[in-house]
Amino acid sequence: MVNALTDVIYAGRFEEHYKRVQQVFSDPEFKTPDGQSMPDRALNSYAMLRHAAFRLGKASDLVHDPGALLAFYEWAATHAPDLLPLISGHYNLTTALLLDLGQQAPELQPLLDDLDTAEAVGVLLINEFGCGSNVAFLETTATYDHAARTFLLDTPRPEARKFMPNVGAPLPRVTVVAARLIVDGVQRGVFPFVLRLRDADGATAEGVTVMPMPDKPFFPMDNAVTEFRRTPVPFSGWLSAGVAEIDEDGVFRYLPGSGPRDAFRKTASQFTFGRVALSSAAVASARAAVLLLARYVQTREIQAFHGHRRPMLEFQNVRRSLFTALAATYASSLLANSVKSVLVAKADLSAPETQLAGIVAKSHLIPAVHRVLRETRARCGAHAMFSVNRIADYLGLCEGSLTAEGDIQVMQLTAGRQLITRPDYSPVRPPVPGTEPGDDEQAYLAFFQAREAACYEKATSVMRSPLGSGTTFDRWNRCIPHAMHLTDAYAHRLAYEFLLAAVRDAPEGEAREALRLVARLFALDYLSAHAALFLADGRLSMGAYAGLDEEYTTVCERLTPYLSLLVDAFAVDEEILAAPLTAPDRVAAWAGYAEDVARAWEVVG
């Protein structure tokens, strides 16, 4: 239900994008029938993608409307989790790359036409067994044959096979392949190349071997390992992006201002969009999970003692679980909004500060959402183990997102290293206060700032330490934990500042008071988690530390009357969600599924 806080959650864009896109998911085509095998579910997700293209319009138009594309990611995560893993590869990692890097080559238009309708599915092939997603050590080659004016893709050894994009099913595919360009025997950097990996009948291209992989325990996809043996790519399939050219005599040259390091930089800019979009989608699933838990604990009654039957919400442990998850979800939504605003503004995604923002967002938001989903799953008990109640599938998506677009710890390390080396970054170290924080939001902010400064000082101290008998790697290896802590502290401080800004901007009355209490709980949770540091530097007294638990309980109690206001703001259409967990009569809701499920078992029998 839209209310005064919906604009806070969707940065004022609910009516513009989110309302319209959510209604698309009311179509029955976005449902996953019970009783399907993993391959059947994977094929069903491709049918969903085609229907989404029909309802939302051409893929090439949607990638030019980042606000609508982000809304598509978020509602897919909420209402059609099986669909989400296909979106990034199809839209921003294939369609957008062809549009941005293809130099408007007319030969690419048939590929774009098929992507527009999802008649062919877009997939990006980068990862290899040997190097993972580290492009610097990628081994797949694309050797230029000037006589044929083509490139020949090759997998030089088994460890260089592409692992594990979804190309196993015999469906039409347009794939972008990252490969090391070789011209006249000289390596010229890693570039993207586009080809039809599978034709309209699903047959693989010349020289391509696809080895399907076994099932994963969470979201279903037709993952596979791919090998190339002199696979031809037409000259137009080289997405040179204005970085380099090969003239009519077969001579390779970098264009002015470009070099080997720029060859893949523009391609990597789309990773920023993917990281932010997947993170935002994860946060959307957290909002839905918190909504489900809130509805459940308000109506689920527990026989605690003889004669004492109470809603779950009245139990202190349940309140803590719910409101801690709620506070984390609000903070995550606001942090995600700050980064999404950069995408919506169509800023330069290859700019270092934009890439850093995307890395920080993913490295903070996905783990935060993972914690929220684990807590909501546990509190909803056995009900939440079933896909129809969504949370189990959200957890599966989150497990995938912890790895997709780059491993989370690698993201944390990369962000930490950039923060350590940025000349324009110097965190604030606030003075130790003489009084307890009380009701002063700025005093709570000082705790966030203090930890960030402490992490920065420790990390930079290690990086400046003499090598001694060690190596540069040894020194960086010692710094790794501190770099990760710095990224965490930096992201938490940003999230809390966005919460405080939302409190200031919220309408006076219930909305502002509810947000103020959410911010307070988020701060208390942070203080509790890092109390040892704050006690050690005298920022937190023993008396204040002893009172944290009671203060936590008090804030949860004060938040309880605002629960519906806070979760209604998520504006999740619960009819589309269709979770029996929140039904007024759960017994009848479960019975309603029995007939369909019984038919699935009869087929098995």
If you look at every heavy atom in V8 and L334, which pair is closest and at what distance?
O-CD2, 3.4 Å
Any donor-acceptor pair under 3.5 Å linking the side-chain atoms of Y394 with those of N389?
no
Pairs where residues 493-506 contributes a residue and the test side-chain hydrogen bond (donor to acceptor under 3.5 Å, both in side chains) is met, not counting sequence neighbours:
E452-R493, R493-E497
Taking the side chain as everything from C-beta on, heavy atoms only, tell me whether T354 gets closer than 4.5 Å to D348.
no
Is it true that the side chains of S37 and D40 contain a donor and an acceptor less than 3.5 Å apart?
yes
Is there side-chain contact between H370 and L395, with at least one heavy-atom pair below 4.5 Å?
yes
Could you give the distance from CD (Q270) to CG (L99), rounded to the nearest 0.5 Å?
9.5 Å
Salt-bridge present (R50, E29; N to O < 4.0 Å)
no
Side-chain heavy atoms of P220 within contact of D215, under 4.5 Å:
no
Taking side chain as C-beta onward, heavy atoms only, is Q442 less than 4.5 Å from Q449?
no
Only one of L124, I126, V176 forms a side-chain contact (heavy atoms from CB on, under 4.5 Å) with L93, so which one is it?
L124
Once the angle between the rings of Y18 and F14 is folded into 0 to 90°, is it parallel (under 30°), tilted (30 to 60°) or perpendicular (over 60°)?
parallel
Under a 3.5 Å cutoff, is there a donor and acceptor pairing between the side chains of E375 and S321?
yes
Distance (rounded to the nearest 0.5 Å) between F323 CZ and R520 CZ:
15.5 Å
So do L397 and P85 actually touch side chain to side chain, heavy atoms under 4.5 Å?
yes
May I ask you to test the F448-Y526 pair for a side-chain heavy-atom distance under 4.5 Å?
yes
If you look only at pairs with a residue in residues 55-64, which of them pass as a side-chain hydrogen bond (donor to acceptor under 3.5 Å, both in side chains), with sequence neighbours excluded?
D27-R55, S60-D116
Hey, can you tell me if F570 and Y330 have their rings parallel, tilted or perpendicular (30° and 60° cut-offs)?
tilted
Within a strict 4.5 Å, meaning less than it, do heavy atoms of the P39 and D222 side chains meet?
no
Run the ring-centre check on Y296 versus H383 and record whether the distance is less than 6.0 Å.
yes
Grab the two heavy atoms, one from I576 and one from Q22, that are nearest each other, plus how far apart they are.
CD1-O, 3.5 Å
Answer with yes or no whether the side chains of N166 and Y46 bring together a donor and an acceptor at under 3.5 Å.
yes
Donor-acceptor side-chain pairing of S332 and R287 below 3.5 angstrom:
no
T117 vs F54 side-chain heavy atoms within contact, under 4.5 Å:
no
Show me the donor-acceptor pairs, under 3.5 Å and distance only, between side chains in residues 271-281 and residues at least two apart or in other chains.
from: R275; atom 1: NE; to: E405; atom 2: O; distance (Å): 3.2
from: S279; atom 1: OG; to: R275; atom 2: O; distance (Å): 2.7
from: S280; atom 1: OG; to: V276; atom 2: O; distance (Å): 2.9

Using a distance-only test with no angle check, is there a side-chain donor-acceptor pair under 3.5 angstrom linking T324 and D525?
no
side-chain contact (heavy atoms from CB on, under 4.5 Å) between H492 and H364, worked out
CA-CA 8 Å; H492 269 95; H364 176 77; 3.4 Å; yes
